[in-house]
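See structure below.
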Number of protein chains: 2
Amino acid sequence: MVVCDDDSSDLALNRQLCFALYAASRAMTRAYQPMLKALGITYPQYLVLMVLWEWASAEAQQEEEPSVSALGQRLMLDSGTLTPLLKRMEQNGLVLRRRSKRDERITLVEVTYEGLTLKPKAREWVSSQLESSSINRNDVERLHRDLWQFLHKLTDI
Amino acid sequence: MVVCDDDSSDLALNRQLCFALYAASRAMTRAYQPMLKALGITYPQYLVLMVLWEWASAEAQQEEEPSVSALGQRLMLDSGTLTPLLKRMEQNGLVLRRRSKRDERITLVEVTYEGLTLKPKAREWVSSQLESSSINRNDVERLHRDLWQFLHKLTDI
DNA sequence: GCAAAATAAATTGCACACAATTAAATTGTG
DNA sequence: CACAATTTAATTGTGTGCAATTTATTTTGC
């Protein structure tokens, strides 16, 4: 059996992309650590907060119900991840969880005032990072666009 | 205090990139699941195997010592992640772990014959996926290049 | 030579991810 | 209305990631 062959192949090409995504995603998380530590939250908790900040904004008031599953659709996460994460956020005073009166199966999530106060702090840190880094905004936008295009093709298969 | 402001800002822009990376990385992992399940390994175990497959190839024989820390540098992972992962792979007969005779602090890792036999299977699956998908190889290469460029700027800060 | 510093893994503890299952509530259908 | 099918979270179990600490070994400085 051939178990040792050359690496100038699909395998190596693809390895590089799948690993680049894996490495870049973790590097991004690492880059956020100073801010996250200062705010006392984790990276996925920050993503949850960003969705909740959007939902709490005036424009979005009459939008979708802020349920666990709506949050899950937005972040592509399931209740197995979100339920314990939201419980920790509730413990830390960042969100409130309550059952919908209309349908007791649904758990509604809302950001607290304390959770809202983290938004300007996060914004300030992010904008100062962008300023002090050598990262070009156009590059970021192109990468973002290409990533989503790739992600859509990936999930279409 | 201003806790509710517009989202046409650095925060929103950056959220999209950091979330795109997070989502794309997990989507890639999901896309690999059918193959990984068939091979009986996890995604990070697959990444480890790819490094070990490279190291086992003839060209690389006199390269760096296949230690846990060398593996960690390649994958940007530490022993806290790798040690238990490699133990599981050893349990499953995919790798061997032994202490270096030259330096007893160092744990050397080598792929077994069983571990090598997974390589052609992985290659076959990956190439068939690329063929059957609508993903353009040039797009993949560009995304890969842009990702590494971004990753380097990120880790430079 | 030998104690202190440095190095390499391993360990510990916590927080995700996610597959699979379970439990509770609601909806659809006869 | 009854009751099966569906929907929504929560739960369970396994495997990462990673910070922080510990253990074992080697190197360095004197």
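Chain A is the first sequence line, chain B the second, and so forth, proteins listed ahead of strands; every chain is numbered from 1. Atom set for the values below is all heavy atoms of this structure, side chains included, hydrogens, waters and symmetry mates excluded.
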So which nucleotide from D:dG15, C:dC18, C:dC16 ends up closest to the side chain of B:R26? C:dC18

Of D:dC18, C:dA15, C:dA9, the nucleotide closest to the side chain of A:R30 is D:dC18

Please tabulate, one pair per line, all N/O donor-acceptor pairs under 3.5 Å involving side-chain atoms of residues 17-31 of chain A, not counting sequence neighbours.
from  : atom 1 : to    : atom 2 : distance (Å)
A:R26 : NH1    : B:M76 : O      : 2.8
A:R26 : NH2    : B:L75 : O      : 2.7
A:R26 : NH2    : B:M76 : O      : 3.4
A:T29 : OG1    : A:S25 : O      : 3.0

Between [N] atom [atom2] and [X] atom [atom1], what is the distance in whole Å?
X: A:Y32; N: C:dC16; atom1: OH; atom2: P; value: 17 Å
X: B:K101; N: D:dT25; atom1: NZ; atom2: C1'; value: 17 Å
X: B:Y22; N: C:dC16; atom1: OH; atom2: P; value: 9 Å
X: A:M28; N: D:dG17; atom1: CE; atom2: P; value: 18 Å
X: B:R99; N: D:dT23; atom1: CZ; atom2: P; value: 15 Å
X: B:K37; N: C:dC18; atom1: NZ; atom2: P; value: 15 Å
X: A:E90; N: D:dA9; atom1: CD; atom2: P; value: 15 Å
X: B:Q45; N: C:dC18; atom1: CD; atom2: P; value: 16 Å

Working to the nearest 0.5 Å, report the span between CD1 of A:I41 and CE of A:M89. 6.5 Å

Assuming nearest nucleotide by heavy-atom distance, tell me which of A:Q33 and B:R88 is located more 5' along DNA chain D. B:R88

For D:dC1, the Watson-Crick or wobble partner whose two distances fall under 3.5 Å: C:dG30

Residue pair A:R102 / A:E65, side-chain heavy-atom distance below 4.5 Å: yes

A:L77 vs A:L71 side-chain heavy atoms within contact, under 4.5 Å: no

Applying side-chain contact (heavy atoms from CB on, under 4.5 Å), run through A:R142 and B:R142 and close with a yes or a no. CA-CA 11 Å; A:R142 186 167 77 124; B:R142 186 167 79 124; 2.3 Å; yes

Per the under-4.0 Å heavy-atom filter, residues of residues 75-87 of chain A near DNA chain D come out as A:S79, A:G80, A:T83, A:K87

Contact residues, residues 102-110 of chain B to DNA chain D [heavy atom, < 4.0 Å]: B:D103, B:E104, B:R105

Whether the A:W148 and A:H144 side chains hold a donor-acceptor pair (N or O, under 3.5 Å, no angle test) is what I'd like checked. yes

Quick check against the 3.5 Å criterion: does A:S67 have a side-chain atom that pairs as donor or acceptor with the backbone of A:I106? no

Do the side chain of B:R99 and the main chain of B:L108 share a donor and acceptor less than 3.5 angstrom apart? no

Name the nucleic acid region contacted by A:S67, choosing base, sugar-phosphate or nothing; use a 4.0 angstrom heavy-atom cut-off, strictly under. sugar-phosphate

Check the orientation of A:Y32 and A:Y43. Use parallel for under 30°, tilted for 30 to 60°, and perpendicular for over 60°. perpendicular

